[in-house]
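What follows is a short report on a single structure.
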Amino acid sequence: MRTCGVEITGSDVLLCILTKDNDVFDIRDVRQTRFTLGNGNDTEVMRKFQFDFKKLMEDYQIDSVAIKERQAKGKFAGSAKGFKMETAIQLIEHLDVQVLSATEIKEQLKRNPVPIDFEDTGLKKFQENAFISAYVYIMRKTYKQDEPKA
């Protein structure tokens with residue numbers, strides 16, 4: 001299972017690719033760890049962003065994308081550009097995209113703590129939330145906790 005964790009901050013999309021095979025996690029080196037959106041009101045800019053993101057997912061054979069949810073309103077609300085980028089990612093065909101709430105991330109980490117200190121991963125500090133999103137999604141899929149409860 002190859003998952004791309006995504007955190008959207010302002011006009012940046014921060015990435016981390018995490019794979020799990022036979023209960024072994026592997027952090028993949030990736031040629032691009034961030035996308036920055038210029039003018040989010042320009043249709044061509046949005047199409048290029050979507051095309052570039054889709055191409056990266058195809059090149060690294062990503063099965064799923066886990067996006068850390070941002071607040072829609074309030075002091076820590078996400079920007080309009082951020083929501084546009086999230087939508088562009090969600091509309092990529094043949095890509096399983098899940099948005100993970102902060103509560104869900106917290107609960108999953110409580111049940112399945114990350115087995116390694118982030119500093120030991122070799123990732124850059126700005127990739128930490130993307131890494132956690134990917135890890136939480138993989139653990140959720142592993143333990144089938146995304147099924148609706150009766």
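One is the number of the first residue; the rest follow in order along the sequence. Just so it is clear, the values below take in all heavy atoms, side chains as well, and ignore hydrogens, waters and symmetry mates. Model, not experiment: these values are computed from the prediction.
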Is [Y] close to [X] at the side-chain level, that is, under 4.5 Å between some pair of heavy atoms?
{"X": "Phe25", "Y": "Thr121", "answer": "no"}
{"X": "Ser64", "Y": "Val97", "answer": "no"}
{"X": "Glu104", "Y": "Arg140", "answer": "yes"}
{"X": "Val136", "Y": "Leu109", "answer": "yes"}
{"X": "Thr19", "Y": "Met1", "answer": "no"}
{"X": "Glu86", "Y": "Val99", "answer": "yes"}
{"X": "Leu15", "Y": "Leu56", "answer": "yes"}
{"X": "Ile8", "Y": "Ile67", "answer": "yes"}

- prompt: Which pair of non-hydrogen atoms, one from Lys81 and one from Gly10, has the smallest distance, and what is that distance?
  reply: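 Closest heavy-atom pair between Lys81 and Gly10: CB-O, 4.2 Å.
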task: Taking all heavy atoms of Arg2 and all of Ile62, pick out the closest pair and write down the distance.
output: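 Scanning both residues, the minimum pair turns out to be O-CG2, 3.7 Å.
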message: Tell me whether Phe51 shares a hydrophobic cluster with Ile89, the cluster being built from Ile, Leu, Val, Met, Phe, Trp, Tyr side chains joined at under 4.5 Å.
response: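 Cluster IDs for Phe51 and Ile89 differ.
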- prompt: Would Phe49 and Leu91 show up in the same hydrophobic cluster when neighbours are defined by side-chain heavy atoms closer than 4.5 Å?
  reply: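 Different clusters.
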query: Residues two or more places apart in sequence or in another chain: which of them pass salt bridge (Lys or Arg N to Asp or Glu O under 4.0 Å) with Lys20?
result: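 Per chain and number, Lys20 pairs via salt bridge (Lys or Arg N to Asp or Glu O under 4.0 Å) with Asp23.
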- prompt: Partners of Arg47 by side-chain hydrogen bond (donor to acceptor under 3.5 Å, both in side chains), sequence neighbours excluded?
  reply: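 By the side-chain hydrogen bond (donor to acceptor under 3.5 Å, both in side chains) rule, Arg47 matches Glu44.
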If I take atom [atom1] from residue [X] and atom [atom2] from residue [Y], how far apart are they, to the nearest 0.5 angstrom?
{"X": "Glu69", "Y": "Thr103", "atom1": "CD", "atom2": "OG1", "value": "8.5 Å"}
{"X": "Met57", "Y": "His94", "atom1": "CE", "atom2": "NE2", "value": "16.0 Å"}
{"X": "Lys106", "Y": "Ser101", "atom1": "NZ", "atom2": "OG", "value": "11.0 Å"}
{"X": "Lys48", "Y": "Thr43", "atom1": "NZ", "atom2": "OG1", "value": "15.5 Å"}
{"X": "Tyr135", "Y": "Cys16", "atom1": "OH", "atom2": "SG", "value": "13.0 Å"}
{"X": "Lys54", "Y": "Leu95", "atom1": "NZ", "atom2": "CG", "value": "9.5 Å"}

Give the table of side-chain donor-acceptor pairs shorter than 3.5 Å for residues 31-38, with sequence neighbours excluded, one pair per line with atom names and distance.
from: Arg31; atom 1: NH1; to: Asp59; atom 2: OD2; distance (Å): 3.1
from: Arg31; atom 1: NH2; to: Asp59; atom 2: OD2; distance (Å): 2.7
from: Gln32; atom 1: NE2; to: Arg34; atom 2: O; distance (Å): 3.1
from: Thr36; atom 1: OG1; to: Asp12; atom 2: OD1; distance (Å): 2.6

- prompt: What residues join Leu14 in its hydrophobic cluster, counting side-chain heavy atom gaps under 4.5 Å, either direct or through other members?
  reply: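 Direct or chained contacts put Leu14 with Phe126.
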message: Taking ring-ring contact (aromatic ring centres under 6.0 Å, His included) as the definition, give me every residue that meets it alongside Phe118, ordered by chain and number, with sequence neighbours left out.
response: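 Phe118 satisfies ring-ring contact (aromatic ring centres under 6.0 Å, His included) with Phe131 only.
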task: Consider only side-chain N and O atoms of Asp52 and Gln50, and report whether a donor and an acceptor are under 3.5 Å apart.
output: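 No donor-acceptor contact under 3.5 Å links the two side chains.
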message: When you measure from the centre of the six-membered ring of Phe83, is the NZ or CZ of Arg70 closer than 6.0 Å and no more than 45° off the axis?
response: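 Verdict for Phe83: a cation-pi partner in Arg70.
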message: One pair to check against side chain to side chain contact (heavy atoms under 4.5 Å, CB included): Leu18 and Asp26. What are the steps and the verdict?
response: CA-CA 6 Å; Leu18 187 63; Asp26 183 30; over 6 Å; no
field: CG (Asp29) with more than 12 external heavy atoms under 6.0 Å
entry: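 Not more than 12 within 6.0 Å, no.
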message: Holding to side-chain contact (heavy atoms from CB on, under 4.5 Å), I want the full list of residues that pass it with Ala66, two or more places apart in sequence or in another chain.
response: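 Testing Ala66 for side-chain contact (heavy atoms from CB on, under 4.5 Å), a comparison that skips the adjacent residues, returns Thr3, Leu100, Ser133, Tyr137.
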